[in-house]
Number of protein chains: 2
Amino acid sequence: MAFSAKTEYGLVSLLELAAIHPQGGVLQVAEIAARQGIPDRYLEQMLTSLRRGQILRSIRGPRGGYQLARPPAEIRIAEVVVCLEGELASRGTAARQSAEFEVIGGLEGRLEQARQAILEGTSLQDLLDERDQRLQSQVMYFI
Amino acid sequence: MAFSAKTEYGLVSLLELAAIHPQGGVLQVAEIAARQGIPDRYLEQMLTSLRRGQILRSIRGPRGGYQLARPPAEIRIAEVVVCLEGELASRGTAARQSAEFEVIGGLEGRLEQARQAILEGTSLQDLLDERDQRLQSQVMYFI
DNA sequence: GGCATCCCCAGCGATGTAGTTGGAAATACG
DNA sequence: CGTATTTCCAACTACATCGCTGGGGATGCC
(Lines give C-alpha, C1' and ligand atoms only; values in the text may rest on other atoms or scores of the structure.)
Protein backbone atom coordinates (compact mmCIF):
# COMPACT_ATOMS: atom_id res chain seq x y z
CA MET A 1 0.00 0.00 0.00
CA ALA A 2 0.99 3.60 -0.49
CA PHE A 3 0.62 4.49 3.20
CA SER A 4 1.90 2.88 6.36
CA ALA A 5 -0.62 1.78 8.97
CA LYS A 6 0.39 4.81 11.02
CA THR A 7 -0.63 7.14 8.22
CA GLU A 8 -3.84 5.28 7.44
CA TYR A 9 -4.91 5.29 11.07
CA GLY A 10 -4.11 8.96 11.47
CA LEU A 11 -6.00 9.95 8.34
CA VAL A 12 -9.03 7.89 9.29
CA SER A 13 -9.09 9.56 12.70
CA LEU A 14 -8.84 12.99 11.13
CA LEU A 15 -11.77 12.10 8.89
CA GLU A 16 -13.87 11.17 11.90
CA LEU A 17 -12.97 14.40 13.63
CA ALA A 18 -13.58 16.43 10.49
CA ALA A 19 -17.07 14.99 10.18
CA ILE A 20 -18.09 16.52 13.49
CA HIS A 21 -15.91 19.60 13.31
CA PRO A 22 -18.75 22.08 12.60
CA GLN A 23 -20.13 21.14 16.03
CA GLY A 24 -16.67 21.72 17.50
CA GLY A 25 -16.61 17.99 17.99
CA VAL A 26 -14.26 16.19 20.36
CA LEU A 27 -13.52 12.47 20.28
CA GLN A 28 -11.49 10.29 22.61
CA VAL A 29 -8.80 7.91 21.45
CA ALA A 30 -10.78 4.92 22.69
CA GLU A 31 -13.88 5.96 20.78
CA ILE A 32 -12.11 6.29 17.45
CA ALA A 33 -10.14 3.11 18.01
CA ALA A 34 -13.25 1.11 18.83
CA ARG A 35 -15.21 2.42 15.85
CA GLN A 36 -12.40 1.74 13.40
CA GLY A 37 -11.03 -1.45 14.89
CA ILE A 38 -7.60 -0.03 15.65
CA PRO A 39 -5.53 -0.84 18.77
CA ASP A 40 -6.11 2.17 20.97
CA ARG A 41 -2.69 2.34 22.61
CA TYR A 42 -1.19 2.47 19.15
CA LEU A 43 -3.58 5.09 17.82
CA GLU A 44 -2.64 7.23 20.80
CA GLN A 45 0.82 7.69 19.32
CA MET A 46 -0.49 8.89 15.98
CA LEU A 47 -2.78 11.42 17.60
CA THR A 48 0.11 12.65 19.72
CA SER A 49 2.17 13.19 16.55
CA LEU A 50 -0.69 15.10 14.99
CA ARG A 51 -0.98 17.28 18.07
CA ARG A 52 2.75 18.05 17.98
CA GLY A 53 2.28 18.94 14.31
CA GLN A 54 -0.43 21.47 15.22
CA ILE A 55 -3.05 19.54 13.35
CA LEU A 56 -4.93 18.40 16.43
CA ARG A 57 -5.61 20.00 19.77
CA SER A 58 -6.01 17.86 22.87
CA ILE A 59 -8.08 18.20 26.00
CA ARG A 60 -6.95 16.33 29.08
CA GLY A 61 -8.86 14.91 31.96
CA PRO A 62 -12.32 13.33 32.01
CA ARG A 63 -14.53 14.36 29.08
CA GLY A 64 -11.30 15.16 27.27
CA GLY A 65 -10.22 14.04 23.83
CA TYR A 66 -8.99 15.44 20.54
CA GLN A 67 -10.33 17.95 18.06
CA LEU A 68 -9.09 19.54 14.86
CA ALA A 69 -6.90 22.56 15.42
CA ARG A 70 -8.15 24.11 12.16
CA PRO A 71 -11.08 23.69 9.75
CA PRO A 72 -10.69 20.67 7.42
CA ALA A 73 -10.31 22.87 4.36
CA GLU A 74 -7.10 24.26 5.81
CA ILE A 75 -5.47 20.89 6.46
CA ARG A 76 -3.50 19.60 3.51
CA ILE A 77 -2.97 15.85 3.38
CA ALA A 78 0.69 16.44 2.53
CA GLU A 79 1.17 18.05 5.89
CA VAL A 80 -0.52 15.18 7.68
CA VAL A 81 1.58 12.59 5.93
CA VAL A 82 4.83 14.38 6.76
CA CYS A 83 3.72 14.60 10.35
CA LEU A 84 2.89 10.87 10.60
CA GLU A 85 5.63 9.41 8.44
CA GLY A 86 8.11 10.97 10.83
CA GLU A 87 9.78 13.15 8.20
CA LEU A 88 12.75 10.77 7.90
CA ALA A 89 14.88 13.84 7.29
CA SER A 90 17.04 13.55 4.21
CA ARG A 91 15.42 10.27 3.30
CA GLY A 92 17.28 10.74 0.04
CA THR A 93 20.24 8.42 -0.11
CA ALA A 94 23.77 9.61 -0.78
CA ALA A 95 23.42 9.91 -4.54
CA ARG A 96 26.12 7.91 -6.30
CA GLN A 97 28.08 10.06 -8.73
CA SER A 98 27.58 8.52 -12.16
CA ALA A 99 25.50 9.73 -15.08
CA GLU A 100 23.39 6.58 -14.74
CA PHE A 101 22.60 7.07 -11.07
CA GLU A 102 21.78 10.69 -11.73
CA VAL A 103 19.26 9.74 -14.39
CA ILE A 104 17.59 7.28 -12.04
CA GLY A 105 17.59 9.95 -9.36
CA GLY A 106 15.81 12.24 -11.78
CA LEU A 107 13.12 9.65 -12.36
CA GLU A 108 12.71 9.22 -8.63
CA GLY A 109 12.35 12.97 -8.32
CA ARG A 110 9.53 12.98 -10.85
CA LEU A 111 7.78 10.18 -9.00
CA GLU A 112 7.95 11.97 -5.69
CA GLN A 113 6.89 15.21 -7.30
CA ALA A 114 3.77 13.56 -8.71
CA ARG A 115 2.96 12.11 -5.31
CA GLN A 116 3.54 15.42 -3.61
CA ALA A 117 1.29 17.21 -6.11
CA ILE A 118 -1.60 14.93 -5.21
CA LEU A 119 -1.01 15.19 -1.47
CA GLU A 120 -0.66 18.97 -1.62
CA GLY A 121 -3.72 19.27 -3.82
CA THR A 122 -5.95 17.32 -1.47
CA SER A 123 -7.36 18.77 1.72
CA LEU A 124 -9.07 16.99 4.57
CA GLN A 125 -12.27 18.68 3.40
CA ASP A 126 -11.92 17.00 0.00
CA LEU A 127 -11.71 13.60 1.65
CA LEU A 128 -14.62 14.46 3.91
CA ASP A 129 -16.75 15.35 0.90
CA GLU A 130 -15.82 12.05 -0.66
CA ARG A 131 -16.82 10.22 2.48
CA ASP A 132 -20.17 11.97 2.69
CA GLN A 133 -20.87 11.20 -0.93
CA ARG A 134 -20.01 7.58 -0.30
CA LEU A 135 -22.32 7.37 2.68
CA GLN A 136 -25.03 9.12 0.69
CA SER A 137 -24.98 6.56 -2.10
CA GLN A 138 -25.00 3.75 0.43
CA VAL A 139 -28.30 5.12 1.70
CA MET A 140 -29.58 5.26 -1.87
CA TYR A 141 -28.92 1.58 -2.37
CA PHE A 142 -30.53 0.85 0.95
CA ILE A 143 -33.89 2.27 -0.15
CA MET B 1 13.95 7.49 -1.88
CA ALA B 2 11.30 6.19 -4.21
CA PHE B 3 13.23 3.06 -5.15
CA SER B 4 14.97 0.39 -3.12
CA ALA B 5 18.68 -0.20 -3.66
CA LYS B 6 17.78 -3.34 -5.58
CA THR B 7 15.73 -1.34 -8.06
CA GLU B 8 18.28 1.43 -8.40
CA TYR B 9 21.10 -1.01 -9.04
CA GLY B 10 19.06 -2.93 -11.58
CA LEU B 11 18.04 0.21 -13.47
CA VAL B 12 21.57 1.55 -13.53
CA SER B 13 22.80 -1.74 -14.95
CA LEU B 14 20.11 -1.71 -17.60
CA LEU B 15 21.18 1.79 -18.56
CA GLU B 16 24.76 0.65 -19.02
CA LEU B 17 23.64 -2.25 -21.17
CA ALA B 18 21.25 -0.07 -23.15
CA ALA B 19 24.08 2.32 -23.96
CA ILE B 20 25.96 -0.40 -25.83
CA HIS B 21 22.93 -2.29 -27.11
CA PRO B 22 23.25 -1.21 -30.78
CA GLN B 23 26.59 -3.03 -30.81
CA GLY B 24 24.85 -6.06 -29.28
CA GLY B 25 26.88 -5.26 -26.21
CA VAL B 26 27.56 -7.71 -23.41
CA LEU B 27 28.77 -6.76 -19.93
CA GLN B 28 29.80 -8.91 -16.99
CA VAL B 29 28.47 -8.44 -13.48
CA ALA B 30 31.91 -7.53 -12.18
CA GLU B 31 32.38 -4.84 -14.83
CA ILE B 32 29.11 -3.09 -14.06
CA ALA B 33 29.62 -3.43 -10.33
CA ALA B 34 33.10 -1.94 -10.49
CA ARG B 35 32.06 0.97 -12.69
CA GLN B 36 29.10 1.86 -10.48
CA GLY B 37 30.57 1.04 -7.10
CA ILE B 38 28.06 -1.69 -6.27
CA PRO B 39 28.89 -4.94 -4.43
CA ASP B 40 29.15 -7.42 -7.27
CA ARG B 41 27.81 -10.50 -5.52
CA TYR B 42 24.73 -8.47 -4.65
CA LEU B 43 24.25 -7.08 -8.14
CA GLU B 44 24.35 -10.64 -9.39
CA GLN B 45 20.97 -11.27 -7.76
CA MET B 46 19.33 -8.31 -9.48
CA LEU B 47 20.59 -9.36 -12.88
CA THR B 48 19.32 -12.87 -12.24
CA SER B 49 15.86 -11.46 -11.47
CA LEU B 50 15.95 -9.45 -14.67
CA ARG B 51 16.89 -12.54 -16.64
CA ARG B 52 14.01 -14.49 -15.12
CA GLY B 53 11.77 -11.61 -16.09
CA GLN B 54 12.87 -11.87 -19.73
CA ILE B 55 14.46 -8.45 -19.64
CA LEU B 56 18.03 -9.70 -19.83
CA ARG B 57 19.67 -12.61 -21.54
CA SER B 58 22.74 -14.24 -20.03
CA ILE B 59 25.79 -15.93 -21.48
CA ARG B 60 27.67 -18.32 -19.23
CA GLY B 61 31.30 -19.25 -19.12
CA PRO B 62 34.38 -17.18 -19.85
CA ARG B 63 33.71 -14.10 -22.01
CA GLY B 64 30.10 -14.40 -20.86
CA GLY B 65 27.90 -11.74 -19.32
CA TYR B 66 24.52 -10.12 -19.76
CA GLN B 67 22.78 -8.29 -22.58
CA LEU B 68 19.34 -6.80 -23.13
CA ALA B 69 16.78 -9.30 -24.36
CA ARG B 70 14.99 -6.54 -26.32
CA PRO B 71 15.74 -3.06 -27.65
CA PRO B 72 15.57 -0.36 -24.94
CA ALA B 73 12.49 1.24 -26.51
CA GLU B 74 10.54 -1.93 -25.81
CA ILE B 75 11.42 -2.11 -22.12
CA ARG B 76 9.01 -0.21 -19.90
CA ILE B 77 10.36 0.87 -16.53
CA ALA B 78 7.16 -0.37 -14.89
CA GLU B 79 8.04 -3.89 -15.96
CA VAL B 80 11.55 -3.58 -14.59
CA VAL B 81 10.35 -2.30 -11.24
CA VAL B 82 7.84 -5.12 -10.84
CA CYS B 83 10.56 -7.59 -11.67
CA LEU B 84 13.00 -6.18 -9.12
CA GLU B 85 10.61 -5.19 -6.35
CA GLY B 86 9.59 -8.84 -6.19
CA GLU B 87 5.93 -8.16 -6.98
CA LEU B 88 4.94 -8.50 -3.31
CA ALA B 89 1.69 -10.01 -4.58
CA SER B 90 -1.38 -8.33 -3.17
CA ARG B 91 0.71 -5.79 -1.35
CA GLY B 92 -2.65 -4.18 -0.68
CA THR B 93 -3.64 -4.68 2.93
CA ALA B 94 -6.92 -6.20 4.00
CA ALA B 95 -9.02 -3.08 3.54
CA ARG B 96 -10.89 -2.25 6.72
CA GLN B 97 -14.61 -1.90 6.09
CA SER B 98 -15.54 1.64 7.07
CA ALA B 99 -16.42 4.61 4.90
CA GLU B 100 -13.32 6.37 6.24
CA PHE B 101 -10.91 3.58 5.37
CA GLU B 102 -12.48 3.30 1.93
CA VAL B 103 -11.88 6.98 1.27
CA ILE B 104 -8.24 6.66 2.31
CA GLY B 105 -7.98 3.59 0.11
CA GLY B 106 -9.26 5.65 -2.77
CA LEU B 107 -6.57 8.24 -2.21
CA GLU B 108 -3.93 5.52 -2.11
CA GLY B 109 -5.29 4.21 -5.38
CA ARG B 110 -4.86 7.59 -7.03
CA LEU B 111 -1.30 7.82 -5.73
CA GLU B 112 -0.36 4.44 -7.09
CA GLN B 113 -2.08 5.18 -10.35
CA ALA B 114 -0.03 8.34 -10.78
CA ARG B 115 3.16 6.42 -10.06
CA GLN B 116 2.18 3.65 -12.42
CA ALA B 117 1.41 6.15 -15.18
CA ILE B 118 4.92 7.53 -14.98
CA LEU B 119 6.57 4.12 -14.85
CA GLU B 120 4.47 2.83 -17.74
CA GLY B 121 5.10 5.96 -19.74
CA THR B 122 8.86 5.74 -19.43
CA SER B 123 10.96 3.34 -21.46
CA LEU B 124 14.57 2.43 -20.98
CA GLN B 125 15.23 4.34 -24.20
CA ASP B 126 13.83 7.49 -22.60
CA LEU B 127 16.25 7.18 -19.70
CA LEU B 128 19.07 6.43 -22.09
CA ASP B 129 18.32 9.62 -24.04
CA GLU B 130 18.37 11.53 -20.79
CA ARG B 131 21.72 10.05 -19.89
CA ASP B 132 23.25 10.89 -23.25
CA GLN B 133 21.97 14.43 -23.00
CA ARG B 134 23.47 14.71 -19.55
CA LEU B 135 26.84 13.42 -20.73
CA GLN B 136 26.67 15.78 -23.71
CA SER B 137 26.21 18.86 -21.56
CA GLN B 138 29.04 17.73 -19.30
CA VAL B 139 31.32 17.81 -22.31
CA MET B 140 30.05 21.29 -23.15
CA TYR B 141 31.07 22.57 -19.76
CA PHE B 142 34.41 20.86 -20.11
CA ILE B 143 35.36 22.90 -23.19
C1' DG C 1 -9.30 12.40 46.68
C1' DG C 2 -10.54 9.49 42.95
C1' DC C 3 -11.15 8.45 38.50
C1' DA C 4 -10.84 9.44 33.54
C1' DT C 5 -8.06 10.85 30.10
C1' DC C 6 -4.03 12.31 27.76
C1' DC C 7 1.37 12.08 27.87
C1' DC C 8 5.96 10.01 27.44
C1' DC C 9 8.95 6.48 26.48
C1' DA C 10 10.70 1.85 26.61
C1' DG C 11 10.63 -2.59 24.72
C1' DC C 12 9.30 -6.69 21.75
C1' DG C 13 8.38 -9.83 17.84
C1' DA C 14 7.90 -10.14 13.04
C1' DT C 15 9.25 -8.67 8.70
C1' DG C 16 12.12 -6.63 5.17
C1' DT C 17 16.48 -4.74 3.31
C1' DA C 18 21.21 -4.77 2.11
C1' DG C 19 24.81 -7.43 1.75
C1' DT C 20 27.82 -11.87 2.28
C1' DT C 21 29.04 -16.48 1.49
C1' DG C 22 29.60 -21.14 -0.30
C1' DG C 23 29.51 -23.89 -3.74
C1' DA C 24 27.48 -26.13 -8.30
C1' DA C 25 26.90 -25.89 -13.34
C1' DA C 26 28.18 -24.28 -17.89
C1' DT C 27 31.57 -23.10 -21.32
C1' DA C 28 35.61 -20.88 -23.77
C1' DC C 29 40.30 -21.79 -24.38
C1' DG C 30 44.77 -24.00 -24.41
C1' DC D 1 40.88 -33.14 -21.49
C1' DG D 2 41.66 -29.77 -17.81
C1' DT D 3 41.35 -25.47 -16.00
C1' DA D 4 39.94 -20.87 -15.45
C1' DT D 5 36.10 -17.94 -15.94
C1' DT D 6 31.66 -16.76 -15.49
C1' DT D 7 26.81 -17.35 -14.42
C1' DC D 8 23.46 -19.93 -11.32
C1' DC D 9 21.29 -21.26 -6.97
C1' DA D 10 20.36 -20.90 -2.25
C1' DA D 11 21.24 -20.06 2.34
C1' DC D 12 22.76 -16.94 5.96
C1' DT D 13 23.73 -12.62 8.79
C1' DA D 14 23.20 -7.88 10.53
C1' DC D 15 20.46 -4.22 11.01
C1' DA D 16 16.50 -1.24 10.71
C1' DT D 17 11.69 -0.48 10.64
C1' DC D 18 6.83 -1.56 11.63
C1' DG D 19 3.03 -2.66 14.21
C1' DC D 20 1.90 -3.14 18.70
C1' DT D 21 2.01 -3.54 23.98
C1' DG D 22 3.02 -1.94 28.68
C1' DG D 23 4.28 0.98 32.69
C1' DG D 24 3.97 4.89 34.88
C1' DG D 25 3.27 10.04 35.17
C1' DA D 26 0.60 14.51 34.49
C1' DT D 27 -3.66 16.86 34.26
C1' DG D 28 -8.14 18.02 35.37
C1' DC D 29 -13.36 17.12 36.26
C1' DC D 30 -16.33 15.56 39.93
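Note on naming: letters A, B, ... go to the chains in the order of the sequence lines (proteins, then strands), and numbering restarts at 1 for each one.
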Any chance you could measure A:Arg76, atom CZ, to A:Ser123, atom OG, to the nearest 0.5 Å?
6.5 Å
Could you grab the distance from atom CZ of B:Phe3 to atom CD of A:Glu112, nearest 0.5 Å is fine?
9.5 Å
Establish, with yes or no, whether the OP1 or OP2 oxygen of C:dG19 is under 4.0 angstrom from a side-chain nitrogen or oxygen of B:Tyr9.
yes
Describe the nucleic acid contact of B:Arg52 in one word from base, sugar-phosphate, nothing, applying a heavy-atom distance below 4.0 Å.
sugar-phosphate
Rounded to whole angstroms, how far apart are CG on A:Leu56 and P on C:dT5?
17 Å
To the nearest 0.5 Å, how far apart are OH in A:Tyr66 and CG in A:Leu27?
12.0 Å
Verify the distance criterion only: is there a donor paired with an acceptor across the side chains of B:Glu74 and B:Gln125 at less than 3.5 Å?
no
Any chance you could measure B:Tyr9, atom OH, to B:Ile38, atom CD1, to the nearest 0.5 Å?
6.0 Å
Looking only at the side chain of A:Pro39 (C-beta and beyond, no hydrogens), which of the listed nucleotides C:dC6, C:dA18, D:dT21 gets closest?
D:dT21
Under a 4.0 Å heavy-atom cut-off, which of residues 13-35 of chain B touch DNA chain C?
none
For the pair made of CG in A:Leu47 and P in C:dC7, what is the distance, rounded to whole Å?
9 Å
Protein-nucleotide distance (A:Leu84, atom CG; D:dC18, atom P), rounded to Å
12 Å
Nearest-0.5 Å distance that lies between atom CD in A:Glu102 and atom CD in B:Glu130
10.5 Å
When the distance from CG of A:Asp40 to P of C:dC6 is rounded to whole Å, what number comes out?
10 Å
Report, as a single string ordered 5' to 3', how protein heavy atoms within less than 4.0 Å touch nucleotides 21-30 of chain C: B base, S sugar-phosphate only, - not at all.
BBB-BBBB--
Determine yes or no for a side-chain-to-main-chain donor-acceptor pair under 3.5 angstrom, with B:Glu31 supplying the side chain and B:Gln28 the backbone.
yes
Strictly below 4.0 Å: does B:Thr48 bring a side-chain N or O up to OP1 or OP2 of D:dC9?
no
For A:Arg51 and D:dT27, give me the distance from atom CZ to atom P, rounded to whole Å.
12 Å
Figure out the CG/C1' separation between B:Leu43 and D:dC9, and round it to whole Å.
16 Å
Pairing donors with acceptors under 3.5 angstrom, does anything connect the side chains of A:Gln133 and A:Asp129?
no
Nearest-Å distance for atom pair CE/P, residues B:Met46 and D:dC8:
14 Å
For the pair B:Thr122 (side chain) and B:Leu119 (backbone), establish whether a donor and an acceptor sit closer than 3.5 Å, ignoring hydrogens and angles.
no
